[in-house]
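None of these values were measured; they are calculated from a predicted model.
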Amino acid sequence: MPKQEKYFAKVEEFKVRFRLLATEEIRRRQSQGSLVKEAAVAYREILKERGDLS
């Protein structure tokens, strides 16, 4: 699997896990920092899907 495909697959994997979290929990985790790039992207995409990206 090419590197780009692995990246997008990992983002999707994180999104599946993170969709179960409340928006407040996602924001708390974002603010703590120290996230792998794919997790940070997944958090942003979920918030955007929820219409809660500010």
Side-chain angles (χ1 to χ4, degrees):
M1 179 183 300
K3 188 175 182 177
Q4 187 176 19
E5 285 182 33
K6 287 181 184 179
Y7 170 82
F8 288 117
K10 195 65 176 173
V11 170
E12 285 304 315
E13 180 183 321
F14 280 119
K15 285 175 69 174
V16 168
R17 289 175 38 204
F18 297 160
R19 278 193 181 103
L20 302 174
L21 299 174
T23 299
E24 296 78 24
E25 178 66 13
I26 291 174
R27 292 211 178 276
R28 185 186 68 76
R29 289 182 178 193
Q30 274 185 315
S31 69
Q32 291 177 338
S34 69
L35 297 169
V36 295
K37 182 170 53 172
E38 293 89 344
V41 170
Y43 281 144
R44 283 194 308 270
E45 288 184 8
I46 290 170
L47 291 173
K48 185 176 179 181
E49 290 170 5
R50 293 179 182 182
D52 198 11
L53 189 60
S54 50

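Val16 and Val36 are members of different hydrophobic clusters when ILVMFWY side chains are connected at heavy-atom separations under 4.5 Å. Note on Val11 and Leu35: separate hydrophobic clusters, where clusters join Ile, Leu, Val, Met, Phe, Trp and Tyr whose side-chain heavy atoms are under 4.5 Å apart, directly or indirectly.
In this structure, Arg28 does not pair ionically with Glu24, as no charged nitrogen and carboxylate oxygen lie closer than 4.0 Å.
Listed by chain and residue number, nothing satisfies the side-chain hydrogen bond (donor to acceptor under 3.5 Å, both in side chains) test with Glu38 (two or more places apart in sequence, or in another chain). Applying the side-chain hydrogen bond (donor to acceptor under 3.5 Å, both in side chains) criterion to Lys10, with sequence neighbours excluded, gives Glu13. Phe18 pairs by the ring pair (Phe, Tyr, Trp, His ring centres under 6.0 Å) definition with Phe14, Tyr43, not counting sequence neighbours. Under the side chain to side chain contact (heavy atoms under 4.5 Å, CB included) criterion, Gln4 pairs with Phe8, not counting sequence neighbours. Taking the side chain to side chain contact (heavy atoms under 4.5 Å, CB included) definition, one finds that Arg44 meets it with Gln30, Ala40, Val41, sequence neighbours left out. Taking Glu49 as the reference, Lys15, Arg19 meet the side-chain hydrogen bond (donor to acceptor under 3.5 Å, both in side chains) condition, with sequence neighbours excluded.
To the nearest 0.5 angstrom, Ile26 atom CD1 is 9.0 Å from Asp52 atom CG.
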